[in-house]
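The shown structure was predicted, so the numbers you read here are calculated from the model rather than taken from an experiment. Just so you know, these numbers use all the heavy atoms, side chains as well, and skip hydrogens, waters and symmetry mates.
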Amino acid sequence: MLLGRESLLVYGIHLMLLYGSALNPDRNLRKWLGEGQPLLPVTTVFLLMAVSLWLLCWLWIRWKQGQGWKAKGMRWGLASYLAYAFLTG
């Protein structure tokens, strides 16, 4: 339920973690871990990432409830920054 309400946040963050972003394409988990890893390290990274993203969603929802206008401003500011970085990078 929690991840479903914030699925776009989870999707965007997981893509940046796995593949990097336009600003830092060389800093990502694919390059850090490499390809063809054994099951245990991959499972460990998956579990850490899943728990971290769940915690991020929980914190974001709690913050939005208490700081409505600040959360909207932060969301628009981040969206503007990412659009700028995408268009100019």
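Note on Trp32 and Met49: same hydrophobic cluster, where clusters join Ile, Leu, Val, Met, Phe, Trp and Tyr whose side-chain heavy atoms are under 4.5 Å apart, directly or indirectly. Leu9 and Ile61 fall within a single hydrophobic cluster, where Ile, Leu, Val, Met, Phe, Trp and Tyr are joined by side-chain heavy atoms under 4.5 Å apart, directly or via other members. Side-chain heavy atoms closer than 4.5 Å link hydrophobic residues (I, L, V, M, F, W, Y) into clusters, and following such links, possibly through other members, connects Val10 to Leu59.
In this structure, Ser52 OG and Leu17 CG are separated by 8.5 Å, a value rounded to the nearest 0.5 Å. Rounding to the nearest 0.5 Å places OG1 of Thr43 at 11.5 Å from CD of Gln37. Between the CD1 atom in Ile13 and the CG atom in Leu56 there is a gap of 6.0 Å [rounded to 0.5 Å].
You'll find the side chain of Trp54 stays beyond 4.5 Å of the side chain of Val51, heavy atoms only.
Classified by interplanar angle (parallel below 30°, tilted 30° to 60°, perpendicular above 60°), the ring pair His14/Tyr11 is tilted.
Scanning all heavy atoms of the two residues, the minimum distance from Leu18 to Asn28 falls at O-CB, 3.3 Å. Taking both residues in full, the closest heavy atoms of Arg30 and Tyr19 are given as CD-CE2, 3.1 Å, listed atom of the first, atom of the second, then distance.
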